[in-house]
Amino acid sequence: MNKFILIISAVGLIFSFAYFNISVWNNIDWLLLERGYYTAMSGIIVFSVISAAKSITTVVETGGTKLDRIYAGIASVIAVISIIYCCVSIYNTDWVYLEKGYYWGATAFITITAALTWISLEIVTKENATKQPTIED
């Protein structure tokens with residue numbers, strides 16, 4: 001069951017990332033600079049959310065070293081800042097509210113699916129590590 005959840009969350013992450021970036025690159029009214037900015041922001045959000053989730057689970061499970069706790073704090077701050085920065089930049093545009101809501105929703109979708117993918121991967125990894133090998137394996 002947990003492998004199924006991992007597959008679904010990974011497909012959701014790929015879909016949400018592609019959904020956001022395809023919509024950005026299909027908008028012909030934007031300059032290349034704007035397209036590159038929002039593409040880079042979506043990549044930073046995915047990386048920072050996965051990094052924060054990984055470092056937090058490491059600290060919670062093992063207690064972590066001082067460096068692990070510092071990295072978890074930095075990764076969490078960067079994740080929050082990148083999400084806020086993307087939302088504020090969308091808010092400051094002169095788009096209609098419908099378009100702003102579309103990109104805010106896509107940003108939230110990317111953030112949630114990135115976190116769910118990492119959590120699912122952690123669960124599947126733990127299950128495989130605690131599974132006792134049998135003669136049939």
Side-chain angles (χ1 to χ4, degrees):
M1 178 64 180
N2 288 330
K3 288 183 182 179
F4 179 72
I5 293 172
L6 173 63
I7 292 169
I8 294 297
S9 60
V11 167
L13 176 61
I14 292 167
F15 175 75
S16 64
F17 191 73
Y19 165 83
F20 185 82
N21 288 312
I22 287 171
S23 64
V24 164
W25 285 92
N26 278 338
N27 195 337
I28 58 173
D29 297 334
W30 293 4
L31 299 173
L32 189 59
L33 175 72
E34 290 174 309
R35 294 176 189 180
Y37 169 77
Y38 286 108
T39 302
M41 283 306 299
S42 65
I44 290 170
I45 289 171
V46 168
F47 176 76
S48 64
V49 167
I50 290 176
S51 180
K54 181 205 175 300
S55 60
I56 289 170
T57 54
T58 301
V59 169
V60 168
E61 290 172 358
T62 63
T65 63
K66 183 177 180 181
L67 185 61
D68 288 337
R69 290 190 297 276
I70 291 171
Y71 182 78
I74 291 171
S76 300
V77 167
I78 289 174
V80 170
I81 288 173
S82 64
I83 293 165
I84 290 172
Y85 192 68
C86 190
C87 289
V88 167
S89 65
I90 291 170
Y91 177 78
N92 286 332
T93 62
D94 57 350
W95 305 335
V96 294
Y97 287 124
L98 180 67
E99 193 172 6
K100 288 181 182 185
Y102 176 81
Y103 288 107
W104 279 332
T107 302
F109 194 41
I110 288 172
T111 305
I112 291 168
T113 55
L116 288 177
T117 301
W118 177 256
I119 292 168
S120 318
L121 184 62
E122 281 289 311
I123 291 171
V124 170
T125 304
K126 282 184 209 170
E127 280 183 356
N128 290 340
T130 59
K131 189 173 158 184
Q132 295 294 331
T134 60
I135 295 174
E136 291 84 27
D137 290 341

**OP:** Run the numbers on N27 and E99 for side chain to side chain donor-acceptor pair (under 3.5 Å), then give the verdict.
**Re:** CA-CA 11 Å; N27 195 337; E99 193 172 6; 3.1 Å; yes

Distance, nearest 0.5 Å, that separates [atom1] of [X] from [atom2] of [Y]:
X   : Y    : atom1 : atom2 : answer
I74 : I81  : CD1   : CD1   : 10.5 Å
T39 : N21  : OG1   : CG    : 4.5 Å
F15 : I110 : CZ    : CD1   : 11.0 Å
R69 : T65  : CZ    : OG1   : 7.0 Å

Please find the pair of heavy atoms, one from [X] and one from [Y], that lie closest to each other, and give the distance.
X    : Y    : result
L6   : T117 : CD1-O, 3.8 Å
Y71  : S55  : CD2-CB, 3.5 Å
T111 : T107 : OG1-O, 2.9 Å
M41  : S82  : CE-O, 3.3 Å
S48  : I78  : CB-CG2, 3.9 Å
W25  : G36  : CZ2-N, 4.1 Å

**OP:** Return the orientation label for the W30 and Y38 ring planes: parallel under 30°, perpendicular over 60°, tilted otherwise.
**Re:**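 Rings of W30 and Y38: tilted, 30 to 60°.
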
Do [X] and [Y] have side-chain heavy atoms sitting under 4.5 Å apart?
X   : Y    : value
S23 : Y103 : yes
I8  : L116 : no
L13 : V46  : yes

**OP:** Decide if atom CZ of F47 counts as having more than 12 heavy atoms of other residues, nucleotides or ligands within a radius under 6.0 Å.
**Re:**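 Counting other residues, nucleotides and ligands, CZ of F47 stays at 12 neighbours or fewer.
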
Original post:
How about K100: does its NZ atom have over 12 heavy atoms from other parts shown lying under 6.0 Å from it?
Top reply: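 Count over threshold, so yes.
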
**OP:** Could you tell me whether K126 and E61 make a salt bridge, using a distance below 4.0 angstrom between a side-chain N and a carboxylate O?
**Re:**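 Between E61 and K126 there is a salt bridge, with a charged N closer than 4.0 Å to a carboxylate O.
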
**OP:** Would you check if the distance from the ring center of F20 to the ring center of W104 is below 6.0 Å?
**Re:**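 Between W104 and F20, which both carry aromatic rings, the centre distance is not below 6.0 Å.
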
Original post:
So, the side chain of T113 versus the backbone of S9: is there a donor-acceptor pair under 3.5 Å, distance only?
Top reply: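 A pair under 3.5 Å: no.
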
**OP:** Before giving the answer on ring pair (Phe, Tyr, Trp, His ring centres under 6.0 Å), spell out for Y102 and W95 the whole-Å C-alpha distance, their side-chain angles and the decisive distance to 0.1 Å.
**Re:** CA-CA 11 Å; Y102 176 81; W95 305 335; 9.6 Å; no

